[in-house]
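Here the structure is laid out as structure tokens; the discussion comes afterwards.
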Number of protein chains: 2
Amino acid sequence: MTITQLSYVLAVAENQNFTKAAEKCFVTQPTLSMQIQKLEDQLDIKIFDRSKKPIELTEIGSKIVTQAKNIVNESNRIQDIVDQQKGYIGGEFRLGIIPTVMPTLLPMFLKNFTNKYPKVKLKIEELTTEEIITRINDGHLDAAIAATPLENEMIKEQVLYYEPFVAYIPKDHRLSKHEKLNIEDLDIDDMLLLEDGHCFRDGVINLCKTLKSQSDEKFQLESGSIETLLKLSNEGLGMTLLPYLHTLDVNDNDKSNLHQFNDPSPAREVSLIFHKSGLKMQIIEALKQTISDIVRGSIVFHNVEIISPLSK
Amino acid sequence: MTITQLSYVLAVAENQNFTKAAEKCFVTQPTLSMQIQKLEDQLDIKIFDRSKKPIELTEIGSKIVTQAKNIVNESNRIQDIVDQQKGYIGGEFRLGIIPTVMPTLLPMFLKNFTNKYPKVKLKIEELTTEEIITRINDGHLDAAIAATPLENEMIKEQVLYYEPFVAYIPKDHRLSKHEKLNIEDLDIDDMLLLEDGHCFRDGVINLCKTLKSQSDEKFQLESGSIETLLKLSNEGLGMTLLPYLHTLDVNDNDKSNLHQFNDPSPAREVSLIFHKSGLKMQIIEALKQTISDIVRGSIVFHNVEIISPLSK
DNA sequence: GAAAACTATCAATTATATTTATTGTTTAGT
DNA sequence: ACTAAACAATAAATATAATTGATAGTTTTC
């Protein structure tokens with residue numbers, strides 16, 4: 001049994017197709033067929049059920065895949081350990097970002113970062129918080145940017161910044177005459193809300209997605225659809241809350257509809273999160289520095305009331 | 001990087017010697033030298049400091065060894081997973097046993113077990129509870145027999161039997177005229193105690209090794225030295241407590257010094273323990289059955305008061 | 001029912017691991 | 001200080017194993 005064989009198995013399991021898997025592994029298809037057969041012979045079991053189309057894992061096969069993921073991930077970490085020791089900042093780095101952070105933060109730091117650390121090959125994916133947690137734990141992501149705290153004991157958090165929420169209130173709304181708002185002014189029933197489950201803490205007001213669906217909302221918003229959110233709001237479907245950085249992109253006509261909160265303003269905590277095993281810390285540290293430096297110039301520091309993304 | 005290379009590294013790290021390590025791996029010494037060099041070249045670091053005699057790990061080397069142990073252990077588990085799926089009962093099985101259980105329990109079940117499951121290669125080691133916990137967690141042991149509960153969340157316990165303690169009281173002792181004892185009769189200061197930290201639960205009386213050393217005892221007993229314990233007791237150094245199975249080996253002269261406890265008798269819980277990951281469960285189950293069957297005939301069931309090995 | 005999509009198989013090739021023999025060091029003993 | 005022993009590195013030869021290109025044999029799709 002070799003690590004190579006195991007990674008071939010993983011590739012086939014992921015792609016459900018020997019030919020595609022072979023491409024991903026940069027070898028020919030017979031290589032995969034033969035190596036996987038060899039492994040199956042040695043273990044005297046079938047990992048894949050080739051009678052099904054597309055190919056499926058057998059019962060024992062899926063157990064082996066789980067274990068193989070472990071092994072392959074742990075092997076990859078050896079290079080990380082070496083890099084860390086050397087203080088080398090480079091290699092592939094997979095970063096997840098939640099949709100409501102992606103469009104505002106990414107353009108701000110990406111160029112800066114890639115210039116400063118040209119050897120790091122950043123692979124950025126837009127993912128929901130839930131997906132991010134899964135993928136950090138299974139090793140598919142090296143780190144992510146998400147709203148915190150998550151209270152997940154496998155994951156460490158380093159706060160990047162606190163981002164106040166700003167209310168967007170169309171002209172005909174009952175609150176449109178208030179210059180500044182208080183949290184108490186909000187009414188869950190006339191508000192359009194973001195995906196990604198940002199919940200007010202302490203149960204004062206609960207803005208969770210889950211609670212939304214309970215109180216029969218008529219629609220849900222897809223990822224990165226803050227623009228849509230604004231349009232719907234303008235259509236009279238209610239007010240909404242925008243993370244501060246998004247307000248910078250609001251067009252001039254609508255800017256007058258923005259209403260800040262009186263201190264303490266509700267805010268979300270945005271953090272760089274990563275697995276507690278602490279690998280690739282040099283890159284994580286570099287990212288944190290770069291982002292902190294950039295954001296420091298953009299976010300006006302308010303007296304904020306932090307909002308947790310937790311559902312409970 | 002291959003699993004083979006990693007296991008070569010582990011062998012050299014353990015033996016601090018290429019030649020011996022090569023023997024353990026069933027290859028020649030140049031094979032190790034070359035494969036390890038190759039790995040070092042690929043990672044562009046030195047794992048071993050060959051200037052030191054015997055050979056030492058470098059700083060980065062020991063990090064790599066830690067990770068390599070992970071990987072090699074996890075790889076070995078693939079065969080275990082397959083065996084489990086097949087219901088195959090065989091292969092190497094490393095069982096740890098604490099000293100005070102070893103001499104009484106092992107002869108009772110060993111022949112029986114090896115007859116019933118000839119394909120299992122049992123490797124039995126006498127170890128302290130502490131060593132057992134370490135080695136179950138790092139994968140050096142597949143299971144162990146120890147006094148429980150351990151309250152270690154990584155380790156599962158399956159109770160094998162409850163073994164009452166029997167007091168051994170030499171003729172000149174203040175308690176020697178009592179036919180049967182109560183726990184309250186015991187006085188920590190005139191008692192000789194076992195290693196392995198068997199503590200009375202609930203803090204009624206605490207017989208822990210740790211507390212012993214605090215209350216300036218004059219000596220400590222080594223593993224498996226129940227015979228010595230008896231001799232010391234006969235020398236007038238105090239009474240002692242024997243696990244029930246040990247009383248079967250007390251010679252006829254001394255048998256009259258044995259005093260049982262009134263119900264509920266203090267007792268220890270002896271369990272088969274293993275890592276929560278639940279590998280080699282077929283063998284563990286087979287062991288449990290065999291031992292339970294044997295012990296059922298030997299231990300008279302009392303109304304017992306369980307004594308925990310925990311220090312707190 | 002023909003084409004397309006896939007996997008298995010074969011023989012040839014390439015790459016890799018391992019071995020035997022040997023050299024070069026260092027250590028231990030006298 | 002010298003010799004023998006212990007040990008790791010190296011070199012060249014051999015054995016083993018992985019990979020490939022070509023192709024055959026399936027099954028699926030339209």
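In this text, all values refer to a predicted model and were calculated from it rather than measured experimentally. Each chain gets a letter, A, B and so on, in the order its sequence line appears, and its residues count up from 1.
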So, [X] and [Y], do they make that salt bridge, N to O below 4.0 Å?
X        : Y       : result
A:Arg77  : A:Asp80 : no
A:Lys123 : A:Glu92 : yes
B:Lys24  : B:Glu14 : no
A:Lys86  : A:Asp83 : no
B:Arg50  : B:Glu40 : yes

With a 4.0 Å cutoff (strictly under), does any side-chain N or O of A:Thr28 reach OP1 or OP2 of D:dT19?
no

Send over the distance from [X] [atom1] to [N] [atom2], rounded to a whole Å.
X       : N      : atom1 : atom2 : answer
A:Gln35 : C:dT16 : CD    : C1'   : 12 Å
A:Ile36 : C:dC6  : CD1   : P     : 16 Å
B:Gln42 : C:dA15 : CD    : P     : 15 Å
A:Lys52 : C:dA5  : NZ    : P     : 24 Å
B:Gln37 : D:dA8  : CD    : P     : 12 Å
A:Glu23 : C:dT7  : CD    : P     : 11 Å
B:Gln29 : C:dT20 : CD    : P     : 12 Å
A:Met34 : C:dA11 : CE    : P     : 10 Å

Regarding A:Glu56 and A:Gln16, is there a side-chain donor-to-acceptor distance under 3.5 Å anywhere?
no

Under 30°, 30 to 60°, or over 60°: which ring-plane class applies to B:Phe113 and B:Phe109, parallel, tilted or perpendicular?
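Rings of B:Phe113 and B:Phe109: perpendicular, as their planes differ by over 60°.
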
With respect to the side chain of [X], which nucleotide from [options] is positioned closest?
X       : options               : value
A:Thr4  : C:dT7, C:dT26, D:dT19 : D:dT19
B:Arg50 : D:dA9, C:dT7, D:dA8   : D:dA9
B:Val27 : C:dT27, C:dT19, C:dT7 : C:dT19

May I ask you to list the residues of residues 6-20 of chain A, by number, that have any heavy atom positioned under 4.0 Å from an atom of DNA chain C?
A:Asn17, A:Phe18, A:Thr19

Taking the nucleotide of DNA chain D with the closest heavy atom to each, which residue, A:Ser51 or A:Pro30, is nearer the 5' end?
A:Pro30

Using a 4.0 Å heavy-atom cut-off, does A:Leu32 contact any base of the nucleic acid, only the sugar-phosphate backbone, or nothing at all?
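Result for A:Leu32 = nothing.
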
